[in-house]
Amino acid sequence: MDRIRIRGGRSLNGTIPVSGAKNAVLALMPAALLADSPLHLSNVPDLADVATMSALLRQLGLSVEHDKAAKTLVMNGSATSNEAPYDIVRKMRASVLVLGPLVARHGIARVSLPGGCAIGTRPVDLHLKGLEAMGATITVEAGYIEARAPEGGLKGARIIFPVVSVGATENLMLAAALADGETELVNAAREPEIEDLALCLMRMGARIEGLGTGHLRIQGSTSLTGAQHPVLPDRIEAGSFACAAAITGGEVLLAGARLEHLGTVARVLREAGVGVNEEPAGLRISRLNGLHGVDVVTEPFPGFATDMQAQFMSLMCLAQGASMVTETIFENRFMHVPELNRMGARINVHGSSAIVRGVPSLSGAPVMATDLRASISLVLAGLAARGETIVNRVYHLDRGYEQLEQKLAAVGADIERLS
Ligand SMILES: CC(=O)N[C@H]1[C@@H](OP(=O)(O)OP(=O)(O)OC[C@H]2O[C@@H](n3ccc(=O)[nH]c3=O)[C@H](O)[C@@H]2O)O[C@H](CO)[C@@H](O)[C@@H]1O
Ligand SMILES: C=C(OP(=O)(O)O)C(=O)O
């Protein structure tokens, strides 16, 4: 099984290109199920999760062509199957995003119930309640969700989310685009990936108001066409590399990254002593003086992203003073803590908060993590640590970081993949 070896202690300097966003493309691809002509995406990252979603769409009957060199993905055809099988859904929870489009266009969908995962139980009740509000009949049996639209198709509805859910907002936007009448999503997620999905659906002919707000209004159409749409840059990849520059004391230009997408993450990095400056080509990240401990609480966008919590914690391991990192989105997202402690960090977890007491240095060690962002936090710690770090279970990183070793090596990191 592949591993990544890092010899730490080198500062990173130069330019890192930011890829298209994993969490945007995984919501955009299911939109192809709604279209009656090809959907062309550009700036598509080459990630394991994109391959998994491609496999799922092919299984449903679409043709999917991914030109990795050109970073384009063309999806065409109409679903000939309505079933998302367990074998694919268990690999990637975002597979559940085919539910809304399938039931909206074909009137029936069977999708394996995504289980919990390392970071939490992650129910999909809000996706299902929303579809029920649109008239669908939902049954859950033998590990599968079966959703059936009423005679005449899904009906527009007013759906008020009790908690903000990115996935439920996306699934219901996709369904609402082909429903009869207006759907209102209240307390909808405001992540940049939601706006990107809305822009793509609008290019396909959907009418959506309230972009960038927590109140979306979608007028259903009877049909949607294909379109051309560029995937927005990955703000979590950008944030991860910002932490890489900061933890090694270097200066890096994150080409293509956008300040407005980082939300509170940019403010918190600045408070911690990291320079974050927007330039026409992207974001320039530098460590100004020493790092200071800053408290953070994860929240829906524009709050501090849960997907940046582990990376920020690695940074705080080497800050002066203490910081408290509180995770409010997922109940089990501190799997990196014991591994960071093995590298010499001083972190104590108390319920949903972790107290990080800064130490002067970390030391390399063999480590492994059970999810994507925990794994990248160990890479960051390894970049700053004395000696050699071996990160195991690289397949987690391959889900969400395109050409990770190449991008980091190009700015001076001593990092390579061992097979
Ligand atoms: C592919 C993708 O885009 N993944 C992102 C998406 O995941 P995902 O869409 O799964 O996350 P949600 O925003 O839905 O989850 C937020 C919270 O709502 C809860 N919840 C969610 C749905 C539901 O039906 N019922 C319910 O209770 C979840 O357990 C969690 O506590 O947003 C998360 C929160 O920003 C990110 O960490 C993930 O990287
Ligand atoms: C939690 C994440 O992804 P997913 O929702 O696909 O598990 C993530 O990108 O950090």
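Numbering of ligands and ligand atoms starts at 1, following listing order. Along the sequence shown, residues carry numbers from 1.
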N/O separation below 3.5 Å, Asp49 to ligand 2
no

Can you list the steps and then say if Glu83 with Tyr144 is a side-chain contact (heavy atoms from CB on, under 4.5 Å)?
CA-CA 9 Å; Glu83 180 162 319; Tyr144 275 77; 3.9 Å; yes

Give yes if a backbone or side-chain nitrogen or oxygen of Lys22 is under 3.5 Å from a nitrogen or oxygen of ligand 2, and no if not.
yes

Rounded to the nearest 0.5 Å, how far does CG of Leu201 lie from CZ of Arg203?
11.0 Å

Is there a nitrogen or oxygen of Ile329 sitting under 3.5 Å from a nitrogen or oxygen of ligand 1?
yes

Indicate yes or no: does Glu251 engage Arg287 in a salt bridge with an N to O separation below 4.0 Å.
no

One residue to check: Ala168. Relative to ligand 1, which of side chain, backbone, both or neither has a non-hydrogen atom less than 4.0 Å away?
neither

Please say whether more than 12 non-hydrogen atoms of neighbouring residues, nucleotides or ligands are located less than 6.0 Å from CD in Glu65.
no

I need the Asn82 CG to Leu102 CG distance, nearest 0.5 Å.
6.5 Å

Test of understanding: given a 4.0 Å heavy-atom threshold, classify the contact between Arg122 and ligand 2 as side chain, backbone, both, or neither.
side chain

As a check for students: among Val163, Val166, Thr121, identify the option with a heavy atom nearest to atom 12 (P) of ligand 1.
Val166

Which atoms from ligand 1 have a heavy atom of Asn23 less than 4.0 Å away?
1 (C), 2 (C), 3 (O), 4 (N), 5 (C), 38 (C), 39 (O)

Less than 3.5 Å apart, any donor N or O on the side chain of His127 or Glu170 sitting next to an acceptor on the other?
no

the protein heavy atom lying closest to atom 14 (O) of ligand 1 turns out to be Ser165 OG, 2.6 Å

Show the numbers, then the answer: is there a side-chain contact (heavy atoms from CB on, under 4.5 Å) between Phe304 and Val297?
CA-CA 6 Å; Phe304 192 94; Val297 180; over 6 Å; no

Identify the closest protein heavy atom to atom 34 (C) of ligand 1: which residue and atom is it, and at what distance?
Thr306 CG2, 3.9 Å

Tell me the protein heavy atom at minimum distance from atom 11 (O) of ligand 1, and give that distance in Å.
Phe330 CZ, 3.9 Å

Ligand 1 atoms in contact with His127 (distance to a heavy atom under 4.0 Å)
24 (O)

Any side-chain donor paired with an acceptor under 3.5 Å for Ser81 and Gln59?
no

Between Gln228 and Pro230, is there a donor-acceptor pair closer than 3.5 Å when you use the side chain of the first and the backbone of the second?
no

Residue Arg333 vicinity, atoms of ligand 1 by number, heavy atom under 4.0 Å:
37 (O)

Which protein heavy atom lies closest to atom 29 (O) of ligand 1, and at what distance to 0.1 Å?
Pro123 CD, 3.4 Å

Contact check, Arg333 vs ligand 2, heavy-atom distance below 4.0 Å:
yes

So is there a nitrogen or oxygen of Gly167 less than 3.5 Å from a nitrogen or oxygen in ligand 1?
yes

May I ask you to test the Leu340-Leu378 pair for a side-chain heavy-atom distance under 4.5 Å?
yes

Looking at ligand 1, does any of its N/O atoms fall within less than 3.5 Å of an N/O of Lys22?
no

Would you check whether Val164 reaches within less than 4.0 Å of ligand 1, judged by its heavy atoms?
yes

Whether Arg399 and Asp371 form a salt bridge (side-chain N of Lys/Arg under 4.0 Å from carboxylate O of Asp/Glu) is what I want to check.
no

Any Lys/Arg nitrogen of Glu405 or Lys407 sitting under 4.0 Å from an Asp/Glu carboxylate oxygen of the other?
no

Just jot down the ligand 2 atoms closer than 4.0 angstrom to any heavy atom of Asn23, in number order.
9 (O)

Are any of the N/O atoms on Arg122, whether in the backbone or the side chain, positioned under 3.5 angstrom from an N/O atom of ligand 1?
yes

Please check this pair: side chain of Thr298 against backbone of Thr328, looking for a donor-acceptor N/O pair closer than 3.5 Å.
yes

Check Glu237 against ligand 2 and report side chain, backbone, both or neither, counting heavy atoms closer than 4.0 Å.
neither

Does the N or O separation between Asp125 and ligand 1 drop below 3.5 Å for any pair?
yes

As a test of understanding, state which of Arg333, Arg373, His336 forms a side-chain hydrogen bond (donor to acceptor under 3.5 Å, both in side chains) with Gln309.
His336

Enumerated ligand 2 atoms positioned under 4.0 Å from heavy atoms of Ile119:
1 (C)

Contact region, Arg399 to ligand 2, non-hydrogen atoms below 4.0 Å, reads side chain

Please identify which atoms of ligand 1 are closer than 4.0 Å to at least one heavy atom of Val124.
23 (C), 24 (O)

Part of Phe301 with heavy atoms under 4.0 Å of ligand 1, whether side chain, backbone, both or neither:
neither

Per atom 38 (C) of ligand 1, closest listed option by heavy atom (Asp307, Thr328, Asp371)
Asp307

re atom 10 (O) of ligand 2, the protein heavy-atom contact at minimum distance is Arg373 NE, 2.8 Å

Looking at Glu339 and Arg342, is any side-chain nitrogen of the basic one under 4.0 Å from a carboxylate oxygen of the acidic one?
yes

So how far is it from Leu97 CG to Leu33 CG, rounded to the nearest 0.5 Å?
10.5 Å

Is it the side chain (CB and beyond), the backbone, both or neither of Arg373 that lies under 4.0 Å from ligand 1, heavy atoms counted?
neither

Cationic N near anionic O, under 4.0 Å, Asp234 to Arg258
no

Part of Leu126 with heavy atoms under 4.0 Å of ligand 1, whether side chain, backbone, both or neither:
both

Between Lys71 and Glu402, does at least one N-O distance fall below 4.0 Å, as a salt bridge requires?
yes

State whether any protein heavy atom lies less than 4.0 Å from atom 19 (C) of ligand 1.
no

Looking only at distances, can you tell me whether any N or O atom of Leu26, backbone or side chain, sits closer than 3.5 Å to an N or O atom of ligand 1?
no

